[in-house]
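Proteins get letters first, then strands, A, B, ... in listed order; numbering begins at 1 in each. Quantities reported herein were computed from a predicted structural model and do not represent experimental measurements.
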Number of protein chains: 2
Amino acid sequence: MRPTVHDIAAAAGVSLATVDRVLNQRPGVRHVTREKVETAIRELGYIRDVAAANLAKGRTYPLVFILPASDNSFMHGLNAEIRQAILRSSAERTDIRTIEVSAFDPAALVSVLEGLSQEKRCGIAMVATDAPEVRDVVDRLVRAGFSIVTLVSDLTGSLRHHYAGIDNIAAGRTAARLLGRFLGARKGEIAVLAGSMLVRDHRERLEGFTSVIAEEFPDLAILPVLEGRDDPEVAHMLVADALSRNAGIVGVYSLGAGNRGLVRALKEKAVDRTLTVIAHELTVHTRAALIDHTIDAILNQDAGHEVRSAIRVLKAKADGLAVIEAQERIRLDIFLKDNLP
Amino acid sequence: MRPTVHDIAAAAGVSLATVDRVLNQRPGVRHVTREKVETAIRELGYIRDVAAANLAKGRTYPLVFILPASDNSFMHGLNAEIRQAILRSSAERTDIRTIEVSAFDPAALVSVLEGLSQEKRCGIAMVATDAPEVRDVVDRLVRAGFSIVTLVSDLTGSLRHHYAGIDNIAAGRTAARLLGRFLGARKGEIAVLAGSMLVRDHRERLEGFTSVIAEEFPDLAILPVLEGRDDPEVAHMLVADALSRNAGIVGVYSLGAGNRGLVRALKEKAVDRTLTVIAHELTVHTRAALIDHTIDAILNQDAGHEVRSAIRVLKAKADGLAVIEAQERIRLDIFLKDNLP
DNA sequence: GATTTTTTGATTTACGTACATCAAATTTGG
DNA sequence: CCAAATTTGATGTACGTAAATCAAAAAATC
């Protein structure tokens with residue numbers, strides 16, 4: 001049987017009340033006594049029964065999700081997963097709130113975070129916009145005792161506790177290798193469709209992609225990046241235009257959202273030529289395109305996993321517990337038409 | 001706040017004791033009274049607080065893992081993950097035991113299961129050997145109230161509650177498409193290395209593989225399957241022999257274990273020719289081979305996820321709770337050298 | 001050494017559920 | 001209508017922890 005507070009009290013030769021004071025860092029314990037108790041805790045390998053503690057405290061975990069107000073399938077999916085999590089919140093003792101901020105807008109994000117810093121402590125999961133002022137508020141919040149995980153897009157160099165998202169450089173590299181290998185000996189040009197080069201995850205994907213193409217597939221040339229702003233209409237226009245004007249395009253890498261427009265452009269302009277296409281994010285549109293061979297492979301991050309992982313990590317941080325690292329690694333899913341879920 | 005037993009009692013106009021009798025299906029409640037309580041439960045949307053209930057009961061979840069005594073990296077990994085789970089068992093209230101049975105031996109598996117049927121109820125996670133007599137015991141155990149999930153290898157047609165493993169047909173199909181696309185226009189023969197055609201997952205992978213090759217890559221011919229019995233030495237011998245005798249081999253699909261032998265054979269016999277190789281299971285050997293380009297892609301199932309998923313499902317079944325389906329889907333991981341974990 | 005302050009102990013209640021006991025009420029059978 | 005059987009209520013204890021109160025002991029201050 002695992003030891004209880006009673007065992008600790010007995011082992012340390014103190015009363016239950018003192019053990020409680022130590023465990024919950026309440027004042028009024030001499031240094032030496034505190035040490036005795038801490039030694040007993042270590043030696044007996046005591047671990048607080050979180051379930052019992054939560055029951056006694058009537059505890060809930062206040063969590064806030066901060067999301068960009070972007071109108072694309074991926075963000076809708078992420079929202080849906082958060083709603084699912086809210087449905088489970090009574091069983092999981094969470095109390096989840098979501099806040100939308102305008103996309104690509106560091107100032108808006110900063111003001112929301114500053115608002116939170118005035119409130120009582122909570123766990124924060126945020127899709128980070130990569131800017132120094134954001135980093136600063138995040139660091140301040142962490143120092144003030146908030147737990148923060150970045151979601152989908154990271155904020156490297158900050159004190160955030162965890163990143164629940166894929167390795168975007170690896171994703172770009174993987175896309176490049178798949179494209180290169182699928183094209184085999186073919187030479188030609190590659191069109192790259194991104195959302196915006198202001199977003200870190202898109203920059204990283206592109207970085208990974210270009211470096212592998214350059215290193216290992218010298219016969220392929222990458223055309224200037226098309227920035228579709230994750231908008232299907234813009235994406236359609238840009239891709240259709242590129243395909244019309246450049247007959248040497250043999251492959252397309254779409255590393256952002258707005259793939260509905262991409263697919264439409266491909267069906268209009270690329271019926272006659274055999275293009276190899278890799279896109280990000282599994283949605284109804286990309287899924288259909290994968291099945292009808294318009295797209296050859298889809299790289300995906302599982303929004304459900306990301307949300308559940310963020311919640312698990314934030315709860316664990318709030319309790320000062322360790323997480324199972326391997327469980328929280330968000331994997332890059334590669335879908336061909338044969339392994340669709 | 002979620003409703004408690006007290007709320008149910010008040011709403012149904014009965015005492016706490018009666019609610020308790022209904023909830024824990026104890027005798028001594030008239031039919032009409034039971035209905036009243038059940039109505040109140042439904043109307044208030046009462047859900048038992050599992051944490052509090054487990055605390056009160058001092059409950060632990062007795063779980064048994066039944067594994068084949070196979071000496072390969074994958075099974076070692078699976079074992080390691082179970083040991084990790086055992087380390088967490090006090091926090092998760094599990095009481096995990098593992099039983100080894102000789103591999104590919106339905107009779108041995110049946111006798112272990114029959115032994116368990118004599119003991120008190122528990123949750124069972126088993127690597128199934130696909131045989132009618134196994135199906136029969138499993139069905140009997142399920143009817144007797146045991147929860148059963150199959151692990152890695154399924155037992156379709158049985159009453160098992162859940163399968164924690166990948167879709168092996170999809171895995172085979174995916175391997176075929178990757179190999180076909182990587183080979184591009186090249187024609188030639190494909191060597192397939194399996195463990196044993198007596199194992200369901202290997203049969204299914206082969207089935208998926210051959211069907212996609214036949215449908216979509218008619219220029220590729222599949223050679224008779226090499227059965228390496230998941231043994232590195234046998235695998236080495238078979239693959240080396242095949243490569244020596246057949247100059248037309250352009251690709252290899254290794255759908256079982258024993259890849260250490262495969263890699264050795266490839267390095268000896270295939271230095272001069274450009275083979276495309278797809279293998280299953282990420283181990284130290286396949287990982288190194290992926291990095292040095294001996295292998296082109298690795299298909300993997302995450303043993304850690306499988307074990308954790310099996311445990312979550314068995315616990316949920318024991319409590320009569322629903323599982324998050326999407327969370328329990330075991331995905332086929334595709335690793336190129338760029339997205340290794 | 002007396003007084004104040006700090007530290008510690010003892011005890012209680014609570015969280016939501018399980019489970020047991022005994023008494024009281026109700027139903028059933030004759 | 002009475003006795004027996006069944007059903008229901010009332011109550012208490014337990015699980016492991018949190019949190020509060022008040023008394024007692026120890027340490028620090030003068």
Could you list all the salt bridge (charged side-chain N to carboxylate O under 4.0 Å, His left out) pairs where at least one residue sits in residues 119-133 of chain B, not counting sequence neighbours?
R97(B)-E119(B), D130(B)-R135(B), D130(B)-R200(B), D130(B)-R203(B)
With S70(B) via side chain to side chain donor-acceptor pair (under 3.5 Å) - residues at least two apart
none
Across all chains, not counting sequence neighbours, the side-chain contact (heavy atoms from CB on, under 4.5 Å) partners of I47(A) are R2(A)
Steps toward side chain to side chain donor-acceptor pair (under 3.5 Å) verdict (R48(B), N24(B)):
CA-CA 11 Å; R48(B) 181 198 250 103; N24(B) 297 290; 3.0 Å; yes
For residues 81-91 of chain B, pull every pair meeting side-chain hydrogen bond (donor to acceptor under 3.5 Å, both in side chains), keeping only residues two or more places apart or in separate chains.
R88(B)-E92(B)
Between the protein and nucleotides 3-7 of chain C, list the N/O to N/O atom pairs that are separated by less than 3.5 angstrom.
| from | atom 1 | to | atom 2 | distance (Å) |
| --- | --- | --- | --- | --- |
| dT7(C) | O3' | R30(A) | NE | 3.4 |

Using a 3.5 Å cut-off and no angle test, enumerate the donor-acceptor pairs between side-chain atoms of residues 139-146 of chain A and protein atoms at least two apart in sequence or in another chain.
| from | atom 1 | to | atom 2 | distance (Å) |
| --- | --- | --- | --- | --- |
| D139(A) | OD1 | L159(A) | N | 2.8 |
| R140(A) | NH2 | E114(A) | OE2 | 3.3 |

State which residues pass side chain to side chain donor-acceptor pair (under 3.5 Å) with Q327(A); sequence neighbours excluded, sorted by chain then number.
R312(B)
What does the B/S/- profile of nucleotides 16-25 of chain D look like, 5' to 3', with a 4.0 Å heavy-atom cutoff to protein?
BBBB-B----
Check residues 317-325 of chain B and write down every donor-acceptor pair under 3.5 Å in which the side-chain atom is one partner and the other belongs to a residue at least two apart or another chain.
| from | atom 1 | to | atom 2 | distance (Å) |
| --- | --- | --- | --- | --- |
| D319(B) | OD1 | R59(B) | NH1 | 3.2 |
| D319(B) | OD1 | Y61(B) | OH | 3.2 |
| D319(B) | OD2 | Y61(B) | OH | 2.6 |

Counting only side-chain nitrogens and oxygens, does T18(A) get under 4.0 Å of the OP1 or OP2 atom of dG9(C)?
yes
Measure CD/Q25(B) against P/dC19(C) and give the value in whole Å, please.
11 Å
